[in-house]
S.K.: 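Let me begin by handing over the structure; questions about it come next.
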Amino acid sequence: MALTRDFKETVKERAARDPAFGKAMLDEAASAFLNGEPQLARLILRDLVNASFGFEALASETDRPSKSLHRMLSENGNPSMDNLAAIFGAVRRRLGVAIEVRAVAAA
């Protein structure tokens, strides 16, 4: 049987050594959310938070309980728009990026 690496550890290590990877994950989460895939957006955000600074730090930055944030970013989570904005804002600040949105003609 082939040895495999744990996905979470692989993502965490990649995000730590490659800032562009974390930015790409944030971009993908925002795109998924805005394109009607909130479940995918939550899961990508969860992986990004775990890889970059953790839920305890996110809780401190958003003034929300860590366990609530875990539930919000779970597969069946249902964060309010205010909570989602706070999460995106904290991740954006942590990564040192701005998010720009533009609409394009549908294919």
Side-chain angles (χ1 to χ4, degrees):
M1 177 182 236
L3 294 176
T4 60
R5 294 188 64 187
D6 181 55
F7 175 75
K8 290 180 183 179
E9 286 303 312
T10 301
V11 170
K12 188 173 188 172
E13 289 174 13
R14 174 84 186 267
R17 76 173 187 275
D18 184 2
F21 181 71
K23 292 173 187 175
M25 288 181 73
L26 180 61
D27 182 64
E28 193 63 31
S31 293
F33 176 73
L34 293 172
N35 284 304
E37 298 180 84
Q39 180 182 9
L40 179 60
R42 287 191 308 272
L43 297 178
I44 293 169
L45 278 174
R46 182 189 64 200
D47 289 342
L48 180 55
V49 168
N50 278 323
S52 57
F53 57 106
F55 277 89
E56 292 302 321
L58 180 62
S60 293
E61 289 190 36
T62 60
D63 293 323
R64 285 145 177 97
S66 175
K67 288 189 183 267
S68 293
L69 292 166
H70 275 282
R71 281 190 298 273
M72 287 179 213
L73 296 181
S74 70
E75 187 172 346
N76 296 315
N78 189 19
S80 69
M81 289 297 287
D82 289 346
N83 287 330
L84 196 55
I87 293 167
F88 269 110
V91 172
R92 181 186 54 75
R93 285 188 300 277
R94 181 59 67 124
L95 296 177
V97 298
I99 297 175
E100 293 181 2
V101 179
R102 59 188 166 91
V104 296

S.K.: Apply the test side-chain contact (heavy atoms from CB on, under 4.5 Å) to residues Val91 and Met25: give CA-CA distance (whole Å), side-chain angles for both, the deciding distance (0.1 Å), then the verdict.
M.R.: CA-CA 11 Å; Val91 172; Met25 288 181 73; over 6 Å; no
S.K.: Specify the closest pair of heavy atoms between Phe33 and Leu84, including all atoms of both residues, with the distance to one decimal.
M.R.: CE1-CD2, 3.3 Å
S.K.: May I have all residue pairs that pass salt bridge (Lys or Arg N to Asp or Glu O under 4.0 Å) and include part of residues 15-27, sequence neighbours excluded?
M.R.: Arg14-Asp18
S.K.: Working to the nearest 0.5 angstrom, can you tell me the gap between Asn50 CG and Leu58 CG?
M.R.: 10.0 Å
S.K.: Can you name the residues that form a ring-ring contact (aromatic ring centres under 6.0 Å, His included) with Phe88, not counting sequence neighbours?
M.R.: none
S.K.: If I take atom NE2 from residue His70 and atom CZ from residue Arg46, how far apart are they, to the nearest 0.5 angstrom?
M.R.: 10.0 Å
S.K.: Of all the heavy-atom pairs spanning Leu26 and Arg92, show the shortest one and how long it is.
M.R.: CD2-CA, 4.0 Å
S.K.: Roughly how far, to the nearest 0.5 Å, is CD of Glu61 from CZ of Arg94?
M.R.: 4.5 Å
S.K.: Could you list the donor-acceptor pairs under 3.5 angstrom formed between side-chain atoms of residues 34-43 and any protein atom two or more places apart in sequence or on another chain?
M.R.:
from: Asn35; atom 1: ND2; to: Ser31; atom 2: O; distance (Å): 2.8
from: Gln39; atom 1: NE2; to: Glu75; atom 2: OE2; distance (Å): 3.1
from: Arg42; atom 1: NE; to: Ser74; atom 2: O; distance (Å): 3.2
from: Arg42; atom 1: NE; to: Gly77; atom 2: O; distance (Å): 3.2
from: Arg42; atom 1: NH1; to: Gly77; atom 2: O; distance (Å): 3.4
from: Arg42; atom 1: NH2; to: Glu75; atom 2: O; distance (Å): 2.8
from: Arg42; atom 1: NH2; to: Gly77; atom 2: O; distance (Å): 3.4

S.K.: Let me see the working for Leu69 and Ile87 under side-chain contact (heavy atoms from CB on, under 4.5 Å), right down to the final yes or no.
M.R.: CA-CA 9 Å; Leu69 292 166; Ile87 293 167; 3.9 Å; yes
S.K.: Going through the distances and angles, do Leu95 and Leu48 end up as a side-chain contact (heavy atoms from CB on, under 4.5 Å)?
M.R.: CA-CA 10 Å; Leu95 296 177; Leu48 180 55; 4.2 Å; yes
S.K.: Show the nearest heavy-atom pair for residues Thr62 and Ala86, with the distance to one decimal.
M.R.: CG2-O, 3.6 Å
S.K.: If you compare all heavy atoms of Ala59 against all heavy atoms of Pro65, which two are closest, and at what distance to 0.1 Å?
M.R.: CB-C, 4.2 Å
